[in-house]
Each structure stands twice: as C-alpha cells, then as structure tokens.
Amino acid sequence: MAATPQPPVTFSGKLSSKPSASDLLRSSSNGVSGVPLRVLGRAHIGSKRTDFAVSAKLRKVKKHEYPWPEDPDPNVRGGVLSHLSPFKPLKEKPKPVTLDFEKPLMDLQKKIIDVQRMANETGLDFSDQIISLENKYQQALKDLYTHLTPIQRVNIARHPNRPTFLDHVFNITEKFVELHGDRAGYDDPAVVTGLGTINGRCYMFMGHQKGRNTKENIQRNFGMPTPHGYRKAMRMMYYADHHGFPIVTFIDTPGAYADLKSEELGQGEAIARNLRTMFGLKVPIISIVIGEGGSGGALAIGCANKLLMLENAVFYVASPEACAAILWKTAKASPKAAEKLKITAAELCKLQIADGVIPEPLGGAHADSHWTSQQIKTAILDAMDELVKMDQEELLKHRYLKFRKIGGFQEGIPVDPQKKVNMKKKDTPIIQPGKTSGLELKEEVEKLKQQILKARETSTEKPGSGLKEMIEKLKREVELEFSEAAKALGFGDKIVVLREEFAKARNSNDQPMNTALKEKIDKLRTEFNQKLSSAPNYASLKYKLDMLQELSNAQNLSGESNKVGELKQEINKRFKELTEQPELRQKIEALRAEIENSGISEEVKEKSLLLKDEIESEFTGILKSLNLYVYPPPSSVEAQEKVDKFNREITGIMEDVVRSTDLKDKIKYLQREVAKAGKTPDAESKAKFQALWQQIKKSLVDAMSFSELQEKHKKLKAEISEDLESSKGTNGSLLKENIVDDNLKYDDGPKVESQVKIASN
C-alpha cells in the first residue's frame with residue numbers, strides 16, 4: 001500500500017514564490033527533474049492542504065554604551081580624553097570603616113554628635129562643651145596617629161577607603177589618558193598605565209589599581225596583577241624610554257596573583273624581565289608606595305631612582321601574617337612579625353631602602369585624599385627636578401648604586417659551633433596558655449608541697465626548686481583572670497588607652513609622670529576594684545590570688561631561712577678564723593695557764609675583761625664588714641618599749657612627710673631611673689642617682705627638724721643613758737641608725753632606704 005504524501009510546508013512572503021532546495025532535490029530523486037514537490041503534491045487526489053507560517057522573535061539586548069559621551073565636557077578633570085577611562089566617580093559615598101585601634105575615638109565622636117543633637121532639639125547653647133569635646137577628640141587623634149605600631153600602619157595601608165592609584169592620578173594631573181593592552185592578547189585591569197601631564201611636563205604613569213568597593217575589587221582582582229599586567233607595564237616602559245617620558249609608578253598590591261593559570265603564563269619570568277628592563281631604562285624613574293607593597297609583585301615596577309612612601313604605607317618581602325605563620329606557626333603573632341620585619345616608611349628610610357616619607361593627614365590618607373595627592377605631586381616635582389639634571393650614564397649609575405648599597409655582609413667572622421647547630425633562637429611562646437581550672441591548680445600545689453617536704457627530709461636539693469615555676473604559672477593565670485574580668489566589666493578599651501598614655505609618658509625626656517595621668521590611673525584602679533567583686537570570674541580570681549599569696553610567702557620564708565643559714569655559716573667561719581690567729585690564741589692559752597696555776601684573782605679578772613673587749617672589738621669589725629651591726633642588750637623591757645615606740649613615731653612622721661610633699665614622686669622617679677639603668681649604670685647615671693638621693697635626704701631632714709621631736713629625742717637618750725650606765729654601750733645606741741646626733745641627721749644605710757620605700761608605697 002502506497003504511503004499517503006504529507007502536505008508541503010508553505011512560507012509567506014518572498015520565500016513562497018521560489019522553490020526550495022529540498023523541493024528540487026526531492027523532485028530529482030523521484031525522477032521528475034526540475035519540478036517542485038509542491039506542484040507534484042497538488043496532483044494527488046484527495047489530499048488536504050494546510051497553510052501555516054514560521055516567524056522568529058529577536059531578543060532585546062542592552063545597547064552598548066560607548067565611553068565617549070555625545071556632548072563631552074572639555075573642562076572635566078583630567079582633560080577631555082579622560083572620558084575614555086572607565087574609572088568614574090562613585091555614585092554612593094563609601095561607608096566609613098573604623099579600625100580596631102580607632103574605637104576609643106568613636107566614643108568621643110559619639111559624645112560630640114549627642115551634644116549637637118541635644119543643642120538642636122532644646123535650642124540651648126552647648127558651644128563650649130562641643131568645642132571642648134572637639135579639642136579632646138583632635139588631641140586624642142593626634143596622640144594616636146603619632147604613636148602608631150607597625151601592625152596598625154599595616155591596617156591603615158589596607159583600609160578599604162584608602163585612595164587608589166587613579167584617585168591620585170586624576171588629582172595631580174591636568175590631562176590623563178589611559179593606555180591599554182599588553183599586545184599579547186589581554187588587558188589586565190589590576191595594572192593601569194597612561195600618559196599624563198603635570199605643570200606642562202608629560203609623564204608615563206603606571207601602578208597597581210585596587211577597587212573602591214567589592215564589585216570593583218573583583219573586577220580589579222584586588223590589585224594582584226597577572227603576567228599580562230607586568231607585560232603591559234613593560235610595553236609602556238619601552239614606549240616612555242623611546243619618547244623620553246619620565247616614569248612614575250604607584251605601588252599598592254599585596255603581591256602578584258599566584259594562581260595556576262598565572263604560573264602557566266610565566267608569572268616569575270614576567271617579573272624578572274621587568275626587573276632587568278627597569279635597570280636599563282634611560283629616563284628618570286620614581287616609585288611611590290601608596291598602600292602596601294608586597295614581595296616581587298611590588299618590586300616588578302619598583303626598581304626606580306627614587307623610592308618614596310606615604311607615611312602609613314608598608315613595603316615588605318612577606319606579609320606579617322605569612323611571616324608569623326612561618327616562624328611562629330600562628331598568624332596571631334603578626335604584630336610581633338610586623339615589628340621585626342621593619343616594614344614601615346620611617347624604618348625603611350633608616351635602612352636606606354626608601355628615599356623619603358610623604359606625610360599623610362591625621363586619620364590616614366582616606367581622611368583627606370586631595371591633600372594627600374597634592375603632597376605626592378610636590379614630592380614628584382622635587383624628586384624629578386633633581387633627576388632631570390643627570391645625564392643618561394649618571395642616571396643609570398645612580399639607579400644601580402641605590403640597590404647595590406642595600407644590606408651588608410661581613411666575612412671572616414667565626415661562628416660558634418654550638419650556635420651553628422641551632423641558629424634559630426628559642427623565643428617564648430607568643431600565645432599565652434589557656435586558663436587552668438582551680439582543681440588542677442590545687443592538685444599541682446599539693447604535689448609541690450609534698451615534693452618540698454620530701455626534699456627537706458631526704459635530699460640535699462633545695463626544697464624550693466619547683467616553687468619558682470609554680471609562682472610564675474600562677475602569675476600568668478592571675479593576669480588572664482584579671483584581663484577577663486576587665487573585659488567583662490567594660491574596662492578593656494580604657495586600659496588600652498591608659499597603657500598607651502603611660503608608655504608615652506615613660507618615653508618622654510626623663511620627666512616624672514604628670515599629675516593628670518596619675519589621677520586617671522588611680523581613678524580607674526579604684527573603679528575597677530569597686531566593681532571587681534561583680535565580675536563573673538571573681539571566685540576563680542580570688543582563689544588563684546590566695547594560692548599565689550601563700551606560695552609567695554613560702555618563697556620569702558624559704559629565701560630568708562636560706563640567707564640566715566648562709567649567714568650563720570659565714571659568721572662561724574669568721575669567728576673560727578679570729579680565734580685561730582696566732583697572737584690571740586697565744587693570749588688565750590697564757591690566760592688559761594695562769595688561771596690553772598694561781599686561780600681566779602682580781603688581776604686575772606681584769607686581764608679576762610681586757611681580752612674579752614679585744615675579741616669583741618675585732619669581731620664587731622668583722623660583722624660590720626658583713627653589713628651587720630651589733631646592738632647591746634637592753635637593760636630592761638621598759639627601755640626597749642620606749643625605743644620601739646619612738647621608732648614607730650619617727651616612721652609615721654616620715655610617711656606623713658613623704659605623702660604630703662612631692663617626695664613620693666621623687667622617690668618613684670628615682671626607683672624608675674634605677675630600674676631603667678639596670679645592674680651596671682654608667683658614671684653619669686650614678687651621679688644623677690646620688691644627687692637625687694641627697695635631695696630626698698635633705699628634704700626629709702628639713703621637714704623633720706622641729707623642736708618637739710628633738711626634745712623627745714633628748715629625753716629618751718637621757719632615760720636610756722641612766723639605764724645603760726652599767727654597760728659599756730654608747731648612749732642611745734638602741735635607737736635606729738637613722739638618728740646619729742641631736743640634730744636628727746639621717747645616713748644612707750639600708751634602714752633609711754627601707755623607711756623611704758615604705759613611705760613611698
């Protein structure tokens with residue numbers, strides 16, 4: 001049975017008047033040449049014709065926006081050619097970002113806003129309060145940004161709102177046109193190059209470009225170039241060298257992009273080729289680090305005659321986090337790594353790696369980007385005026401010597417074999433150990449007590465061998481507990497601010513601590529002590545403090561007992577040496593023989609007393625050489641009580657004198673200076689200490705030389721003289737050595753020092 005043919009597909013329009021290729025082919029296969037199939041289809045009897053049309057709908061797409069506007073503004077910043085650049089002002093103002101160390105400033109700023117709002121709502125005049133708060137804010141801002149740590153400068157260099165390369169270029173140039181492409185198939189957006197003019201002179205600008213928001217950062221690859229970016233920069237370097245344009249590079253990158261594709265395309269080769277090329281360029285080159293300059297990614301456009309850095313920029317071979325992870329196995333040690341790496345502008349200028357520091361406004365470059373750009377412009381013009389005076393040979397030699405003098409080495413210095421085995425120093429752990437529970441500490445303390453008792457009974461080892469380590473551990477635990485309590489009570493930021501102020505005061509030019517700072521410290525201490533009992537960890541803190549106090553007392557007693565034992569041995573040794581002297585031994589033997597022969601007569605008693613006095617005199621001299629002083633025994637308990645009472649009265653008067661005058665500050669200042677000088681002070685420091693000590697002594701004597709105390713002193717000496725007539729001790733020898741005559745003169749013996757120390761606390 002023959003198949004029923006299907007009706008043909010019909011087309012509307014011009015397509016319906018012409019036979020299709022398929023119709024012609026099909027007609028040829030059926031043996032009818034040149035006859036369309038639709039004609040043959042009509043010949044079939046009973047066939048039904050169905051007409052339909054096929055139509056296509058085109059999707060609407062966004063019209064491509066050509067960068068050149070229909071009516072370009074010729075007065076636009078950067079010149080009319082800047083319309084070709086895709087870098088446009090942001091439609092939305094960037095959100096303010098507060099760094100961790102800036103949070104104390106936000107409290108003052110919030111107070112200023114609250115007072116201004118209150119003034120607007122109530123209509124009252126708070127201008128004096130607002131001015132006072134603004135002055136405090138400016139002073140705190142100045143203090144903070146003039147004493148920044150290296151890691152704080154790293155955080156400022158990475159600030160999201162920090163002005164980028166193109167921000168600075170459009171601020172400092174009259175005309176600027178961006179040049180694209182590496183002529184090898186790609187235009188890396190992380191590296192921007194272009195021609196611009198400053199004061200009529202044409203420069204070739206190139207630099208790393210970060211984004212101003214998340215979208216731009218993704219587009220710019222966070223300022224990390226691929227090999228295409230470095231090849232584009234090298235192409236523009238050759239272009240500038242050919243036409244004689246000076247080159248200005250801006251460095252702001254964490255490093256070259258280190259993905260697999262970049263390595264396949266020759267990242268290292270591109271950087272190395274740039275280094276070689278820059279050393280052969282015959283035009284002046286200036287490099288400016290405006291943010292962070294990381295490793296070879298920064299150096300690839302940084303081999304210049306002059307390397308300038310913004311005040312808060314950093315330049316490093318490895319980031320502080322990476323360095324800390326390598327050396328200390330944790331990124332939390334980045335503050336220490338940033339300090340050891342010497343990556344700030346000031347430190348690099350000292351090392352003669354950087355040639356100058358460009359100032360920034362308080363708060364960083366993002367606080368006033370236009371002012372910062374003008375400082376960069378001034379630095380470029382000053383450096384370029386110096387470099388354009390050099391001819392080509394001198395310019396190349398200048399660039400070569402700049403890098404040749406970096407670093408240094410010494411030959412012929414032998415290395416200790418012991419140090420050669422293990423060159424890396426063993427540092428103390430950066431991360432303090434976590435808190436130990438009270439039960440575990442109690443068990444450790446009990447074990448230590450058992451070890452001490454056992455050592456006293458069965459061993460010659462010192463019983464306190466493990467006591468020092470346990471005390472150090474308890475001190476760390478108490479510090480952790482105090483820190484946790486301070487954070488829980490809201491004192492963390494206040495303590496940080498006071499610590500910075502104290503560090504500044506301590507590093508000042510040998511001036512005592514000012515009264516305002518002492519009042520702040522005392523006020524904070526009082527407030528903290530009042531609220532300490534409400535801290536959530538107060539019970540644990542008190543328990544550990546009690547244990548620390550107990551062990552410290554045990555250590556002091558152990559130390560005292562050890563000193564007493566050693567002193568007894570030394571005294572016995574010296575006494576034995578004294579009695580074994582040939583002359584004295586001969587006198588003793590002669591006296592003993594005389595007693596045996598003739599008995600005890602008055603003459604023998606007199607000789608015995610003389611020999612006793614001689615031995616006592618010589619032995620007293622020996623004891624004084626050991627800083628020991630002999631006091632004759634009191635004739636009665638009442639005399640001793642009178643002496644003790646008078647000594648307590650003197651101590652009380654000294655404490656009152658010290659607290660009511662500026663002596664306390666002088667004493668503390670002397671103590672700080674002695675601690676700062678260490679165990680081996682120089683001659684100048686010793687003279688300074690002696691002068692301060694004489695001032696303190698003189699002030700004490702002048703303050704205590706009043707008639708009432710002198711009368712008491714004379715009366716007491718008279719009473720004791722009557723009691724001591726039978727003995728050969730000197731009148732008033734039971735009194736403290738502080739009082740040596742009727743005018744209450746004080747010597748510099750250890751007892752006066754202890755009294756002054758007690759009074760200063």
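This one's a predicted model, so the numbers in the text were calculated from it and none came from an experiment.
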* Pick from Asn155, Asn312, Thr344: which one makes a side chain to side chain contact (heavy atoms under 4.5 Å, CB included) with Leu148? -> Asn312
Are [X] and [Y] packed together at the side-chain level, in the sense that at least one heavy-atom pair is separated by less than 4.5 angstrom?
X	Y	result
Ile156	Phe101	yes
Arg201	Val388	yes
Asn305	Arg399	yes
Gln152	Asp100	no
Ile290	His208	no
Asp252	Glu292	yes
His168	Ile288	no
Tyr145	Glu311	no

* Start with the C-alpha distance between Leu299 and Ile271, add both sets of side-chain angles, then the distance that settles side-chain contact (heavy atoms from CB on, under 4.5 Å), and finish with yes or no. => CA-CA 8 Å; Leu299 200 61; Ile271 294 174; over 6 Å; no
Got a donor-acceptor contact below 3.5 angstrom from the [X] side chain to the [Y] backbone?
X	Y	answer
Lys232	Val191	yes
Lys405	Ile353	no
His159	Val97	yes
Ser287	Ile301	yes
Glu174	Asn199	yes
Asp355	Leu307	yes
Thr249	Gly302	no
Arg153	Ala345	no
His228	Pro225	no
Thr330	Ala333	no

* Could you check whether the rings of Phe165 and Phe176 sit parallel, tilted or perpendicular, using 30° and 60° as the cut-offs? => perpendicular
How long is the span from the [atom1] atom in [X] to the [atom2] atom in [Y], to the nearest 0.5 Å?
X	Y	atom1	atom2	value
Tyr203	Thr197	OH	OG1	9.5 Å
Thr372	Asp167	OG1	CG	11.0 Å
Ile380	Ile198	CD1	CD1	5.0 Å
Thr226	Glu263	OG1	CD	11.5 Å
Phe403	His398	CZ	NE2	10.5 Å
Lys103	Leu99	NZ	CG	9.5 Å

* Looking at Glu321 and Arg158, does any basic side-chain N land under 4.0 Å from a carboxylate oxygen? -> yes
* To do: Salt-bridge test for Glu393 and Lys397: reply yes if a basic N is under 4.0 Å from a carboxylate O, no otherwise.
  => no
Side chains of [X] and [Y]: donor-acceptor distance under 3.5 Å anywhere?
X	Y	answer
Gln139	Asn135	no
Ser262	Asp259	yes
Thr277	Asn274	no
Gln267	Tyr230	no

Closest non-hydrogen atom pair, [X] against [Y]:
X	Y	result
Leu275	Cys303	CD2-SG, 3.3 Å
Ala313	Ala157	CA-CB, 4.4 Å
Pro254	Gly223	CD-O, 4.3 Å
Pro246	Val283	CA-CB, 4.5 Å
Ala300	Met278	O-SD, 3.4 Å
Ile285	Leu281	CD1-CD1, 3.8 Å

* To do: Run the numbers on Ile151 and Ser334 for side-chain contact (heavy atoms from CB on, under 4.5 Å), then give the verdict.
  => CA-CA 7 Å; Ile151 194 64; Ser334 56; 4.1 Å; yes
* **Partners passing salt bridge (Lys or Arg N to Asp or Glu O under 4.0 Å) against Glu360 (at least two apart in sequence or in another chain)** => Arg162
* Asked: More than 12 foreign heavy atoms under 6.0 Å from CZ of Phe279: is that the case here?
  -> yes
* Going through the checks in order, is the side-chain contact (heavy atoms from CB on, under 4.5 Å) test met by Lys336 and Leu327? -> CA-CA 11 Å; Lys336 182 177 181 180; Leu327 295 182; over 6 Å; no
* Asked: For the rings on His243 and Tyr239, is their centre-to-centre separation under 6.0 Å?
  -> yes
* Could you point out which residue of Gln209, Lys210, Arg220, Arg212 forms a side-chain hydrogen bond (donor to acceptor under 3.5 Å, both in side chains) with Thr164? => Gln209
* Take Glu339 and Thr149, measure what side-chain contact (heavy atoms from CB on, under 4.5 Å) needs, and give me the verdict at the end. => CA-CA 8 Å; Glu339 184 179 354; Thr149 62; over 6 Å; no
* Tell me whether the guanidinium CZ or amine NZ of Arg231 lies under 6.0 angstrom from the six-membered ring centre of Tyr186 and within 45° of its axis. => no
